[in-house]
Number of protein chains: 2
Amino acid sequence: MNISMKLELAASQLESLGNPTRLRLYRALVRAGVDGLPVGGLQQKLNIPASTLSHHCRKLIDAGLVTQERNGTTLICRANYKAMSSLIGYLADECCADGACEERRETAEA
Amino acid sequence: MNISMKLELAASQLESLGNPTRLRLYRALVRAGVDGLPVGGLQQKLNIPASTLSHHCRKLIDAGLVTQERNGTTLICRANYKAMSSLIGYLADECCADGACEERRETAEA
DNA sequence: TAGTAATTTCGATAAAACCAGAAGTATGGA
DNA sequence: TCCATACTTCTGGTTTTATCGAAATTACTA
């Protein structure tokens with residue numbers, strides 16, 4: 001994966017998390033852990049119409065941050081921790097909060 | 001800061017980074033380190049019209065991810081590492097990539 | 001094979017984001 | 001004071017996004 005693909009992917013993931021409802025959705029899934037939550041469970045927690053919720057789920061799924069698995073008539077949603085890890089890695093990359101940036105400057109281009 | 005303010009802040013920061021141009025902008029600033037970059041320098045790097053760039057800068061500033069300091073007629077932009085650190089902290093919070101989520105489940109609400 | 005529960009897709013609307021040229025503002029220098 | 005540079009704000013038009021009711025779909029269950 002080249003550098004601009006990474007950037008595009010990261011941007012799409014950030015965008016998908018950059019909506020308060022979707023961020024709540026995602027965090028509910030993180031809290032739910034490995035069991036995940038059915039769409040209906042999410043709907044109760046978030047208190048929004050089913051169609052709206054479905055759209056938000058789709059966005060997070062398209063961004064790769066959430067997965068779904070069918071179990072009978074219900075769809076279980078789970079946070080994709082791996083995707084979040086690499087997103088965090090991407091954000092933390094070259095981020096030098098301690099001010100020790102001098103020796104690292106101009107080491108990459110995008 | 002209460003929990004829903006935190007979520008709103010995080011969402012606005014994620015949204016501001018969730019645009020490919022702004023993400024490139026932000027990363028250019030990270031790479032520039034403590035010296036930062038003037039708006040004009042960013043414009044050269046990103047190759048976009050000044051007014052468009054100005055809008056993107058404003059979004060990142062409003063979200064608290066970028067700061068500006070005037071130096072004569074030029075405005076120096078810098079990445080706000082502290083804000084990024086806490087955003088990453090917020091994202092990593094309760095994220096249990098290793099699957100060790102069992103004992104942590106349902107410890108928070110938002 | 002109806003019937004039902006769970007969820008998605010469709011369709012329509014309002015709100016917001018994005019973009020860029022033109023005009024305006026701030027600052028330092030001649 | 002006048003000019004040039006570096007940006008920002010204004011203005012407008014186009015494209016996305018967010019929302020949600022209604023209709024359709026999927027998969028159990030009787």
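Letters A, B, ... mirror the listed sequences (proteins, then strands); counts begin at 1.
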Taking the side chain of [X] as heavy atoms from C-beta outward, which of [options] is closest to it?
{"X": "B:R70", "options": "D:dA27, C:dA26, C:dT9", "result": "C:dA26"}
{"X": "B:V39", "options": "C:dT9, D:dC7, C:dT7", "result": "D:dC7"}
{"X": "B:T74", "options": "D:dC7, D:dT9, D:dA18", "result": "D:dC7"}

Q.
What contact category does B:S51 fall into here, base, sugar-phosphate, or nothing, at under 4.0 angstrom with non-hydrogen atoms?
A.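 Counting heavy atoms under 4.0 Å across all strands, the contact made by B:S51 includes a base.
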Q.
Once you apply a heavy-atom cut-off of 4.0 Å, does B:Q43 come out as touching a base, just sugar-phosphate, or nothing?
A.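 Result for B:Q43 = nothing.
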Could you tell me the separation between the [atom1] atom of [X] and the [atom2] atom of [N], rounded to a whole number of Å?
{"X": "A:L53", "N": "D:dG21", "atom1": "CG", "atom2": "C1'", "answer": "15 Å"}
{"X": "B:H55", "N": "D:dT9", "atom1": "NE2", "atom2": "P", "answer": "9 Å"}
{"X": "B:L60", "N": "D:dT8", "atom1": "CG", "atom2": "C1'", "answer": "16 Å"}
{"X": "A:L46", "N": "C:dT7", "atom1": "CG", "atom2": "P", "answer": "13 Å"}
{"X": "B:D62", "N": "D:dT8", "atom1": "CG", "atom2": "C1'", "answer": "13 Å"}
{"X": "A:L75", "N": "C:dT9", "atom1": "CG", "atom2": "P", "answer": "10 Å"}
{"X": "B:K59", "N": "C:dA16", "atom1": "NZ", "atom2": "P", "answer": "11 Å"}
{"X": "B:R24", "N": "C:dC18", "atom1": "CZ", "atom2": "P", "answer": "15 Å"}

Q: Classify the side chain of B:H56 and the base of C:dC18 as holding, or not holding, a donor-acceptor pair under 3.5 Å.
A: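 Result: no qualifying N/O pair found.
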Q) Hey, what do you get for SG (A:C77) to CG (A:L60), rounding to the nearest 0.5 Å? A)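 Between atom SG of A:C77 and atom CG of A:L60 there are 9.0 Å.
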Q: Output the distance between atom NE2 (A:H56) and atom OG1 (A:T21), rounded to the nearest 0.5 Å.
A: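 The OG1 atom of A:T21 is 4.5 Å from NE2 of A:H56, to the nearest 0.5 Å.
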Q) Taking B:N71 for the side chain and B:T74 for the main chain, is one N or O donor matched with an acceptor at less than 3.5 Å? A)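 Such a contact is absent between B:N71 side chain and B:T74 backbone.
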Under-4.0 Å side-chain N/O to phosphate OP1/OP2 contact, [X] with [N]:
{"X": "A:S54", "N": "C:dT8", "result": "yes"}
{"X": "B:R22", "N": "C:dC18", "result": "yes"}
{"X": "A:Q68", "N": "C:dT8", "result": "yes"}
{"X": "A:N19", "N": "D:dT17", "result": "no"}

Q) Given that A:T52 and A:T73 both sit by DNA chain C, which one's nearest nucleotide is further toward the 5' end? A)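 This one resolves to A:T73.
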Q. A:R31 and A:Y26: side-chain donor and acceptor closer than 3.5 Å?
A.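 There is no such pair between these side chains.
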Q: Please name the pair of heavy atoms, one in A:D93 and one in B:R27, separated by the smallest distance, quoted to 0.1 Å.
A: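 Looking at all heavy atoms of both residues, the shortest contact is OD2-NH2, 3.7 Å.
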